Amino acid sequence: MPTVSVGRDRLFEALGRTYTDEEFDELCFKFGIELDDITTEKAIQRKEKHLDEEGTEDDGETIYKIEVPANRYDLLCLEGLAQALRIFNGLDPIPTYKVANIGKESMLEMHVKTETSKIRPYVVCAVLRGVTFDEAKYNSFIDLQDRLHQNICRRRTLVAIGTHDLDTIEGPFTYEALPPAEINFVPLKQTRNFRADELMEFYKSDLKLKKFLHIIENSPVYPVIYDCKRTVLSLPPIINGAHSAISLKTMNVFIECTATDLTKANIVLNTMVTMFSVYCERKFEVEPVKVTYSDGKSFVYPDFSIYNMNVPLSYITGIIGVQLPEEKVASLLHKMQLRAEKSLSEDKKVKFVVFVPPTRSDILHPCDVAEDVAIAYGYNEIPKRKPASLKPLPLSQFSDLIRTEIAMAGYTEVLTWILCAKKEISSMLNREEDSSAAIIADSRTSEFEVVRSTLMPGLLRTVGHNKDHSKPIKIFEVGDVVFLDATNDVGAVNRRHLAALYCGATSGFELIHGLLDKIMEATGANFVSPGNSSGYYIEKSEEPALLQGRQASVIYAGKRIGTFGIVHPKVLKEFDIPDPCSFLELDMQTFL
C-alpha cells in the first residue's frame with residue numbers, strides 16, 4: 001500500500017489539536033490506516049544518502065509516514081488526510097463540491113484533434129480559480145501529482161497530469177499529435193528550445209524522466225497541448241513547458257490530464273481539484289472546461305455527479321455480524337464521508353440510499369459500504385464469535401469427494417495455472433479463437449493472456465514437460481474455468497471443471513471411458529438410453545481437439561456436460577507429446 005509522508009505539526013494544525021504519537025497511532029487504526037514510521041527531514045536525507053550518522057535533537061520537522069489503502073486516492077495528500085480525519089472525528093460536515101455555474105461563452109475549451117487517437121486519445125481539464133499557495137501547500141500540490149502518477153496513473157502510462165499557470169496562457173486550447181520534428185518548445189527547468197526528438201535524447205540521462213520515455217518515444221507522433229497562440233503547454237506524459245510553469249505566485253491553475261483510460265483520467269482530475277479546491281477563493285468550487293472531439297462530441301469536466309447506491313440494512317449488519325439501528329448506520333457512514341438516506345424496499349425492508357461523492361471512487365459495491373460501516377464502528381468493537389458452521393461449500397465438498405474417487409483409480413492430481421496464452425485455448429487445440437474467454441488487459445507476458453476456458457491446455461502442457469517420465473502417465477485436475485457472462489455483475493462467471501488425461505503406448509481410450517463410468521457411478525447417475533433425462537448417456541461429438549470418430553459428448557439430465565476421446569495428433573504435436581493420449585473433461589457444477 002502507498003505511504004504518505006506528512007509534516008506532523010502541519011497535520012496537527014489542520015486537525016485542530018495535537019496528539020501524542022500513541023494517540024495518533026490509535027486514531028489511524030480506528031480510521032483504517034496505519035502510522036508506519038515516525039522520522040525527521042534530516043533522517044530521511046541521511047537514509048537516502050546511505051549515511052549511518054546518529055540523529056540530533058535539531059533534526060528538523062517530525063515526519064509521519066502513514067500507510068493508506070491503495071484505492072483511497074483522496075488520502076494521498078495532507079489536505080485529503082486532514083479532511084477525512086476531521087469528518088471522522090465529527091469536526092467538519094461532508095463538503096459539497098460544485099462546478100462553477102458559468103456561461104458557455106466564457107467557458108474555456110479544449111479541442112482534440114483526430115491524430116491523438118493513435119497514441120493518447122483522451123483529455124480532461126478543469127480550472128482552480130483564486131488559489132492561495134504558500135510553500136507547504138505548493139509542495140503538497142506537486143507531491144499529490146507524483147503520488148497519483150505512481151499509483152492509479154501506473155507511472156504515467158494510463159494518465160499524465162499537467163498543471164499550468166492560467167494567467168500565462170490563453171484559450172481555447174488544442175490537444176494534438178504531431179511528428180516529433182514539428183514540436184519545438186522550452187521544457188520545464190530549461191532555458192533553450194528543444195525539438196521533441198532532441199528532448200528524448202536529452203532526457204535519457206535524466207534519472208527521473210528517463211523511465212517515462214518509452215511510453216511515446218517509438219511512436220510516429222507525439223501528443224502535445226497548445227494554447228491559442230501556439231504556445232506549448234505540455235508534451236505528455238514527459239514534461240510541461242517552462243512558459244506556463246506554476247509557482248507560489250500562481251492564483252489560477254489550469255489542470256489537464258491526458259490518458260489512455262478515460263475512467264481513470266476522471267478519477268485523477270477529480271482527486272486533484274477536490275483536494276485543492278479548499279484553497280480556492282470560492283471554497284470547494286471548480287471551474288469547468290469544455291472538451292470537444294474531432295467528431296463533434298463535447299463533454300464538460302470535471303464530472304462531480306453523485307453516484308447513488310441502494311444498500312439493504314440487513315446486508316450491512318449481516319456482513320459485519322452486529323445488529324445496528326438505522327440511525328447508527330447512517331451516522332457511521334457520515335463519519336466515512338458517505339451521506340445515507342433511509343428508505344424502504346419493495347418488500348418493506350429497510351435500505352439506505354448511499355450518495356457516493358466524487359472523492360470516493362473506491363466505493364464500487366455494497367460490500368464497500370459495509371466495510372466503511374465496520375471501520376467507523378470499530379473492528380475491535382465487533383464481538384468475537386465462532387462461525388455458525390464450518391461445513392464446506394457444497395461445491396468444495398463435492399470436488400473433494402470426486403478427487404478421492406479419481407485418485408483411487410490410480411490418477412495423480414496436478415495443479416496448473418488458471419491463466420494461459422490465447423493460442424493454448426484456440427489454435428493449439430485445433431480450435432477457432434474462443435469468443436467466450438476472458439482476456440487479460442495489457443498482459444505483461446504472452447504466456448498469461450487469457451483466463452482458461454478449459455483445463456485441457458494445462459494437462460497437455462504438464463505431459464509435454466514430463467514426456468520422459470515412465471509410461472503410462474495418468475493425471476487429473478479439478479479446478480475453475482472462466483467464461484464471459486453479461487448477466488453477471490462482474491461480466492464473467494466461474495465454473496468448476498474436472499479433467500483427466502491418460503498418456504501411454506496406446507491411447508487408453510477404454511481407460512478414460514471407464515473413468516467416466518466410475519465418476520458417474522460415484523455421483524449416483526445411471527447409464528440410460530439416448531433421450532432419457534433420468535441419467536447419463538453418450539453421443540457423437542465434433543470436438544476439434546479430439547480425433548474424429550474416437551470421441552463422444554456426455555449428456556446428463558438432458559444437458560451436455562463434457563466430452564472425452566483420443567487427443568488429435570495435431571494437438572499432441574503442438575504440445576510436443578510423442579505418445580497417444582486420451583482426455584476427459586466434465587462440468588462438475590451440473591451435478592449440483
Side-chain angles (χ1 to χ4, degrees), residues 1 29-33 68-75 84-85 87-90 93-96 263 267 270 304-397 438 480 482-496 589 592:
M1 293 195 293
F29 177 79
K30 288 180 178 179
F31 185 63
I33 56 180
V68 301
N71 60 353
R72 285 298 301 271
Y73 312 116
D74 58 311
L75 302 181
L85 291 173
I87 295 170
F88 184 76
N89 286 334
I94 301 172
T96 300
T263 300
I267 293 172
N270 285 352
F304 283 169
S305 55
I306 303 295
Y307 169 50
N308 298 344
M309 182 183 292
N310 292 315
V311 187
L313 175 63
S314 58
Y315 178 85
I316 295 173
T317 56
I319 284 184
I320 299 174
V322 179
Q323 294 302 313
L324 297 171
E326 304 135 24
E327 295 76 12
K328 180 68 172 177
V329 171
S331 173
L332 293 173
L333 286 171
H334 188 278
K335 292 179 68 174
M336 302 303 289
Q337 305 178 60
L338 298 175
R339 291 189 180 90
E341 291 182 0
K342 187 183 79 170
S343 65
L344 294 177
S345 60
E346 292 180 0
D347 54 359
K348 304 301 180 183
K349 292 184 179 179
V350 176
K351 69 173 182 178
F352 289 99
V353 179
V354 179
F355 302 95
V356 183
T359 53
R360 294 300 308 273
S361 59
D362 59 300
I363 304 294
L364 303 173
H365 188 276
C367 65
D368 299 315
V369 176
E371 181 188 23
D372 270 11
V373 173
I375 291 171
Y377 182 75
Y379 283 128
N380 284 344
E381 304 302 318
I382 299 174
K384 295 179 181 178
R385 60 182 177 84
K386 290 183 179 180
S389 172
L390 296 177
K391 186 178 179 181
L393 294 171
L395 180 59
S396 299
Q397 195 172 25
D480 282 5
V482 174
F483 301 99
L484 295 179
D485 182 2
T487 62
N488 200 316
D489 61 348
V490 295
V493 63
N494 285 37
R495 298 289 296 183
R496 183 67 53 84
Q589 287 184 229
L592 299 178

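Bear in mind that the values here come from a model prediction, so they are computed numbers and not experimental data. Atom set for the values below is all heavy atoms of this structure, side chains included, hydrogens, waters and symmetry mates excluded.
- Annotation: side chain of N270 is not in contact with side chain of T359 (no heavy-atom distance under 4.5 Å).
- Taking all atoms of both residues into account, the shortest heavy-atom contact from P357 to L338 is CD-CD2, 3.8 Å.
- Under the side chain to side chain donor-acceptor pair (under 3.5 Å) criterion, N89 pairs with Y19, not counting sequence neighbours.
- Of all heavy-atom pairs between L484 and A438, the closest is CD2-CA, 3.8 Å.
- Closest of all the heavy-atom pairs between L332 and L324 is CD1-CD1, 4.1 Å.
- The side-chain hydrogen bond (donor to acceptor under 3.5 Å, both in side chains) analysis of residues 361-371, with sequence neighbours excluded, yields the pairs R360-D362.
- A donor-acceptor pair is defined here as one N or O able to donate and one able to accept, closer than 3.5 Å; no such pair exists between the side chain of R72 and the backbone of I33.
- Each side-chain hydrogen bond (donor to acceptor under 3.5 Å, both in side chains) pair with one or both residues in residues 322-336, not counting sequence neighbours, appears once here: E326-K342.
- Within the 4.5 Å cutoff, the side chain of R339 has heavy atoms near those of the T96 side chain.
- Distance check: I363 CD1 to D372 CG gives 4.5 Å after rounding to the nearest 0.5 Å.
- V350 places a side-chain heavy atom less than 4.5 Å from the side chain of L344.
- Looking at Y307 and P358, their side chains never come closer than 4.5 Å, going by heavy atoms from C-beta outward.
- Heavy atoms only, all atoms of each residue included: I320 and A374 are closest at CD1-N, 3.8 Å.
- Nearest approach of A492 to V482, heavy atoms of both residues: CB-CG1, 3.9 Å.
- Side-chain contact between D74 and Q337 is present, with heavy atoms from C-beta onward closer than 4.5 Å.
- Here the CG-OH distance, from N71 to Y73, works out to 6.0 Å after rounding to the nearest 0.5 Å.
- Under a cut-off of 6.0 angstrom, the local environment of CZ in F29 is sparse, with at most 12 non-hydrogen atoms contributed by other residues, nucleotides or ligands.
- Between the side chain of Q589 and the backbone N or O of R496 there is at least one donor-acceptor pair closer than 3.5 Å.
- Every residue meeting the ring-ring contact (aromatic ring centres under 6.0 Å, His included) condition with F31, not counting sequence neighbours, appears here in chain and number order: F88.
- Taken from CZ in F355 to CD1 in I94, the straight-line distance is 11.0 Å, to the nearest 0.5 Å.
- D485 is linked by a salt bridge (charged side-chain N to carboxylate O under 4.0 Å, His left out) to nothing, counting only residues two or more places apart in sequence or in another chain.
- Minimum heavy-atom separation, A376 to M336: CB-CG, 3.9 Å.
- Here the side chains of P366 and V354 are not in contact, with every heavy-atom distance at 4.5 Å or above.
- In terms of the side chain to side chain donor-acceptor pair (under 3.5 Å) criterion, residue partners of N494 (sequence neighbours excluded) are, by chain and number, D480.
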